[in-house]
Enquirer: 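Okay, here's the structure, questions in a sec.
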Amino acid sequence: QVQLVESGGGLVQPGGALRLSCAASGSIFRFNVMGWYRQAPGKQRELVARITSGGSTNYAESVKGRFTISRDNAKNTVYLQMNSLKPEDTAVYYCNTFPSTRDYWGQGTQVTVSS
């Protein structure tokens with residue numbers, strides 16, 4: 001049973017942009033704060049952004065001013081617009097609730113920032 005599906009990752013040059021999408025089941029989406037997380041090789045998974053049902057947002061300091069999280073309630077989808085990408089943004093990006101729900105972790109989508 002797939003309840004959260006990430007898409008939109010890829011290979012981009014430094015300074016480039018990507019928009020990630022996370023399609024969620026309606027029950028998950030409607031009643032939870034949603035977040036984007038990332039994990040780089042050899043590093044802990046970290047929360048990069050979250051958004052409440054009312055649209056309030058929070059960002060990790062490392063991405064503030066460059067990333068924007070948003071949600072479309074009609075589509076049960078949360079987005080992460082990533083601008084001015086840096087090599088250190090390279091990671092697998094995941095969506096989940098916030099706080100995260102263990103059984104919801106999926107495969108994520110790979111973002112690679114490199115020349």
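Every value quoted in this text rests on a predicted model; they were computed, and no experiment measured them.
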Enquirer: Which heavy atom of Gln39 sits nearest to which heavy atom of Ala91, and what is that distance?
Expert: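 In this case the closest contact between Gln39 and Ala91 is O-CB, 3.4 Å.
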Enquirer: Return the minimal non-hydrogen interatomic distance between Tyr59 and Ala49, and the atom names on each side.
Expert: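 In this case the closest contact between Tyr59 and Ala49 is CD2-CB, 3.7 Å.
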Enquirer: Compare all side-chain heavy atoms of Asn76 with those of Ser25 and state whether any distance is below 4.5 angstrom.
Expert: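 The answer is no; the side chains never approach within 4.5 Å.
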Enquirer: Is the side chain of Thr90 donor-acceptor paired with the backbone N or O of Pro87 at a distance under 3.5 Å, no angle test?
Expert: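 Yes, Thr90 side chain to Pro87 backbone: donor-acceptor pair under 3.5 Å.
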Enquirer: Working to the nearest 0.5 angstrom, can you tell me the gap between Met34 CE and Cys22 SG?
Expert: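 If we round to the nearest 0.5 Å, Met34:CE and Cys22:SG are 5.0 Å apart.
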Enquirer: Determine whether more than 12 heavy atoms belonging to other residues, nucleotides or ligands lie under 6.0 Å from atom CD of Gln107.
Expert: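 Not buried by this count: 12 neighbours or fewer within 6.0 Å.
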Enquirer: Could you tell me which non-hydrogen atom of Ile51 sits nearest to which non-hydrogen atom of Val33, and how far apart they are?
Expert: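 In terms of heavy atoms, the two residues are closest at O-CG1, 3.2 Å.
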Enquirer: With a cut-off of under 6.0 Å to the ring centre and 45° to the axis, is Arg71 in cation-pi contact with Tyr79?
Expert: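 Output no; distance or angle outside limits.
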Enquirer: Contact between Phe67 and Asp89 at the side-chain level, heavy atoms closer than 4.5 Å - yes or no?
Expert: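 The answer is yes; the side chains approach within 4.5 Å.
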Enquirer: Hey, does Asn32 have a side-chain heavy atom less than 4.5 Å from the side chain of Phe98?
Expert: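 With C-beta onward as the side chain, the pair stays apart.
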Enquirer: With side chains defined as the heavy atoms from C-beta onward, is the minimum distance between Leu20 and Glu6 less than 4.5 Å?
Expert: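 Result no, sub-4.5 Å side-chain heavy-atom pair not found.
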Enquirer: Treating Thr52 as the side-chain partner and Gly54 as the backbone partner, does any N or O pair qualify as donor plus acceptor under 3.5 Å?
Expert: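 It does hold such a pair.
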Enquirer: Side chains of Ile28 and Thr97, heavy atoms from C-beta outward: is any pair under 4.5 Å?
Expert: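 SC-SC contact between Ile28 and Thr97 confirmed.
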Enquirer: How close do Met82 and Val111 get, counting heavy atoms only, and between which atoms?
Expert: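 So the two residues come closest at CE-CG2, 3.7 Å.
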Enquirer: Run the side chain to side chain donor-acceptor pair (under 3.5 Å) test against Tyr93 and tell me which residues pass, sequence neighbours left out.
Expert: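 With neighbours one apart ignored, the set is Arg38.
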Enquirer: Would a single hydrophobic cluster contain both Ile69 and Leu85, if residues Ile, Leu, Val, Met, Phe, Trp and Tyr are joined by side-chain heavy-atom contacts under 4.5 Å?
Expert: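 Yes; Ile69 is reachable from Leu85 via cluster members.
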Enquirer: Taking side chain as C-beta onward, heavy atoms only, is Thr68 less than 4.5 Å from Leu80?
Expert: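 They are not in contact (no side-chain heavy atoms under 4.5 Å apart), so the answer is no.
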Enquirer: Is there a side-chain contact between Thr109 and Val92 (heavy atoms, below 4.5 Å)?
Expert: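 No - every pair of side-chain heavy atoms lies 4.5 Å or more apart.
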Enquirer: Nearest 0.5 Å please: distance from the OH atom of Tyr104 over to the OG atom of Ser100.
Expert: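 Answer for the OH-OG pair, Tyr104 versus Ser100, is 11.5 Å.
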Enquirer: For the residue pair Phe29 and Val78, what are the closest heavy atoms and their distance?
Expert: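 Nearest pair, atom of Phe29 first, then Val78: CE1-N, 4.0 Å.
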Enquirer: Strictly distance-based, threshold 3.5 Å: is any side-chain N or O of Arg66 a donor or acceptor partner for the main-chain N or O of Ser84?
Expert: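 Looks like yes, one N/O pair under 3.5 Å.
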Enquirer: Any sub-3.5 Å donor-acceptor pair from Thr101's side-chain atoms to Asp103's backbone N or O?
Expert: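 No, Thr101 side chain to Asp103 backbone: no donor-acceptor pair under 3.5 Å.
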Enquirer: Within a strict 4.5 Å, meaning less than it, do heavy atoms of the Thr112 and Val12 side chains meet?
Expert: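 A side-chain contact under 4.5 Å is absent here.
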Enquirer: Hey, would you say the Tyr37 and Trp105 ring centroids sit under 6.0 Å apart?
Expert: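 Yes, ring centres under 6.0 Å apart.
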